[in-house]
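First comes the structure, then the notes that go with it.
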2 protein chains.
Amino acid sequence: MARSGPKLTRIARTLGVSAATVSNALSGKGRVSAELAEKIRATAAELGYVPSLAGRALRTGRTAAIGLVLPDIANPLFPQIAQAIELAASSAGYGVLIADSRGDVTTQTKAIERLIDRDVDGMVIVPRRGTRITDVGCPVAVIDTPSTPGNTVAADHWGGGRQIAEHLKALGHRRVLVIGNNPASNVQNDRIGGIRSALAEGAFVETLWIEPLEREQGKGCPLGLAEKVAEGFTAFACVSDLHALRALTELQRAGINVPEKASVTGFDDLIWSPVVTPALTTARMDMTRIAAIAVGALVKAIGERDPTDAAIGAPVTADDAEVPMQLVVRQSSAAPPRIQFQPGQTTANARTSAPEGEHQP
Amino acid sequence: MARSGPKLTRIARTLGVSAATVSNALSGKGRVSAELAEKIRATAAELGYVPSLAGRALRTGRTAAIGLVLPDIANPLFPQIAQAIELAASSAGYGVLIADSRGDVTTQTKAIERLIDRDVDGMVIVPRRGTRITDVGCPVAVIDTPSTPGNTVAADHWGGGRQIAEHLKALGHRRVLVIGNNPASNVQNDRIGGIRSALAEGAFVETLWIEPLEREQGKGCPLGLAEKVAEGFTAFACVSDLHALRALTELQRAGINVPEKASVTGFDDLIWSPVVTPALTTARMDMTRIAAIAVGALVKAIGERDPTDAAIGAPVTADDAEVPMQLVVRQSSAAPPRIQFQPGQTTANARTSAPEGEHQP
DNA sequence: TATCGATGATTAAACGATTAATCAAGCGAT
DNA sequence: ATCGCTTGATTAATCGTTTAATCATCGATA
């Protein structure tokens, strides 16, 4: 209720015109003379007029609010996403309502329903791994991965995987262990696909899935990376910085120095990545751009939509659905130990990227 | 606009009564006979009636939405907080609008203004370190620390500090380095105060502040913990798990095994705490309870407030402003190395808490 | 000069709910 | 039988904005 501020009628009365004229002048819609419009804008600004969203919503059927649905709000990416979406939305004049789904599917449905009941104009959904977004009854932007059908916009996870892989290859790694969490995740599969494709010739790649392993051995169980090192693996390419962190500390704990004896890479450039020792090499998404595209497409769809009609179909589409990832090289990746080098390899090139100090045996 | 769903009048027409009666029946306010009320509720449920928030907001001046303001949305605690607040708010019938302030003070003010312009009924603010909440013009619940004036509810950070300290003391630690980020933070000061107070007799405590150090030596600089170990420090009590992680990896990297040669503790039980090796000993806040109290107090204040009056004064108060923290003992804390033990110490007791394997020299 | 069009502003209805004021009916007591 | 009170429901106003329809004015055209 615009906290006791001036209403439209207040401005109208002040200038001796009708409320409709004020509305027209401010929205630039009806027919208002230039000078009167200017005068109206001036006094509106002077009085600090802020339109009542409630009044407008009632009349137009638009609440100027969008919902943000994340599968797992405990996801460490959440801050990045929320921040980016909020920025994009607020500069487009939209508010952001959050919906928690605690990973649970039924809870997610409930959360979406609550948003609908609140009459959001649209929603941004980062779907839970593998979940298909059912028709929700308002425009929806989906941020998942380019290979997902119905995806609106996403980082080029595959390309990010390629970049990580190229980086490791250039350093001289030939036996790489890819560490993922759950094979049902589209994002993870794309990242891994990218890694494998870039490493296809001349390198051996194996994949370790954490979640199945933990179902067997219990949460937080060791991943057995020391054994993998013994098997000749020199690099651990993790599908998220969280797993990279896990790998890093497990290796360190086992006395395997990173990056001298083994390299570790992650994804997403999460908060701790630059802070740990050694700082993590990772691939970052351009969340600001992704959010801008998602919200842009959403707002466009909202504008084109007749607010009185009911459900609409598929998620909205954007012109630019694929945003490149950026490789961030830090200290957790370097050339593999000498003994692992294959004959004919350009060791010189690889060595230059290795951090100073702590040389290998 | 309750997406093409049935309106009040629709129910009224179906039953041949007036809209006012339906409204009264549903809200239980006016005078409606029991059987008619029941019939109305039944058909409302059957038709799937959802009241239009916009219509209601316009009439009552209540939007049933609250704002959530966090100083730094990149804060890794954000997911926990947001999740808890959202849960508490939604079960009280409120939606949660997020406001990003990117750490910046002016941006924070802007964000708060946007929330006001959106007519939130109240807001929950987790203030930036040291910031006093100016009068915002709607009820406000502040979550900071019990010692902050104007605080509504918070974890007992001091008590959490004491628990960490008691734990370390019981393990036998006598030289403890406390690691904080910024001395201007109320929360950090309380945590450190608690630690120091419990360690006052019979132990030596020093505090290391990261932010000042980084201003000198650059972001991500080493904290020099190996030197501290050489100086005889056996435990590093960090004011956040993020710093604990930094300390842990720096120590591991320097070849100092945790917890055999040095213990590391954190705060907040962040996402990675159970996952790293060794898993972090930490102190957790009961965010669910804190959020419930904050939102409860807020909702109460909203209910008592006359929606037409303007600014109100101080933040709302709650009966129970101090929620105890919970010590979570994991593998990163153990008895200090033998050589550090003071004569007359009950080493047996301390040893029992130490993890098996990897014995000290 | 009467008419047509364009221009600039006003009127009034509508969005969907809440609520104070009003009204009708039933019943007990005077 | 009438007055007054309670009960149960209706009427109508209201919140603040938007917008279709209307109206008045003036200049130009026939």
Side-chain angles (χ1 to χ4, degrees), chain A residues 1-40 44 47-64 93 117-119 121 303 306-309, chain B residues 1-41 44 47-65 93 117-119 121 303 306-309:
Chain A
M1 30 147 286
R3 299 276 158 263
S4 69
K7 333 279 170 207
L8 259 193
T9 57
R10 174 83 201 297
I11 301 182
R13 216 164 351 99
T14 311
L15 285 154
V17 296
S18 79
T21 303
V22 177
S23 174
N24 282 331
L26 259 29
S27 65
K29 281 201 168 167
R31 288 183 302 214
V32 187
S33 69
E35 52 283 51
L36 180 52
E38 184 46 47
K39 217 161 31 170
I40 288 176
L47 266 54
Y49 167 71
V50 176
S52 154
L53 272 289
R56 177 178 293 172
L58 186 54
R59 178 64 227 244
T60 63
R62 298 261 154 84
T63 55
D117 290 352
R118 285 200 157 269
D119 301 336
D121 292 339
D306 175 2
T308 59
D309 69 5
Chain B
M1 26 147 287
R3 300 273 160 266
S4 68
K7 333 280 172 208
L8 259 194
T9 57
R10 173 83 201 295
I11 302 183
R13 217 164 352 98
T14 310
L15 285 155
V17 297
S18 80
T21 303
V22 176
S23 174
N24 282 331
L26 259 29
S27 65
K29 281 200 169 166
R31 287 184 301 215
V32 186
S33 70
E35 56 273 59
L36 180 52
E38 184 45 47
K39 215 157 40 167
I40 288 176
R41 274 191 295 271
L47 266 54
Y49 168 72
V50 175
S52 153
L53 272 291
R56 178 179 292 170
L58 185 54
R59 178 64 225 249
T60 64
R62 298 260 154 81
T63 55
D117 291 352
R118 283 199 159 270
D119 301 336
D121 292 339
D306 175 3
T308 60
D309 69 5

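If you're wondering where the values come from, they're calculated on a predicted model, not measured in any experiment. Each chain gets a letter, A, B and so on, in the order the sequences are listed, and its residues count up from 1. What you see below is based on every heavy atom in this structure, not just the backbone, and it leaves out hydrogens, waters and symmetry mates.
Contact check for B:Leu47 versus B:Arg10: side-chain heavy atoms found under the 4.5 Å cut-off. When side chains are defined from C-beta on, A:Leu8 counts as touching A:Tyr49, because their heavy atoms get closer than 4.5 Å. A heavy-atom distance below 4.5 Å is not found between the side chains of B:Arg31 and B:Asn24. Contact check for B:Leu26 versus B:Ile40: side-chain heavy atoms found under the 4.5 Å cut-off.
A straight line from CG of A:Leu58 to C1' of D:dG16 spans 9 Å, rounded to a whole angstrom. Distance B:Ile40 CD1 to D:dG8 C1': 11 Å, rounded to the nearest Å. Computed from coordinates, the B:Ile11 CD1 to C:dG16 P distance equals 13 Å when rounded to whole Å. Atom NZ in A:Lys7 sits roughly 15 Å away from atom P in D:dT14 (whole-Å rounding).
Considering only side-chain N and O atoms, B:Ser18 lies under 4.0 angstrom from the phosphate OP1 or OP2 of D:dT10. Contact annotation: B:Ser33 side-chain N/O to D:dA9 OP1/OP2 distance is under 4.0 Å.
At the heavy-atom level, B:Leu36 lies under 4.0 Å from the strands shown only through sugar-phosphate atoms.
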Quick one, give me the B/S/- string for nucleotides 18-26 of chain C, reading 5' to 3', where B means a protein heavy atom under 4.0 Å from the base and S means that only happens at the primed atoms, P, OP1 or OP2.
BB-------
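Of all non-hydrogen atoms in A:Ile11 and A:Val22, the two that sit nearest each other are CG2-CG1, 4.0 Å.
Legend: residues meeting salt bridge (Lys or Arg N to Asp or Glu O under 4.0 Å) with B:Arg41, ordered by chain and number and at least two apart, are B:Glu38.
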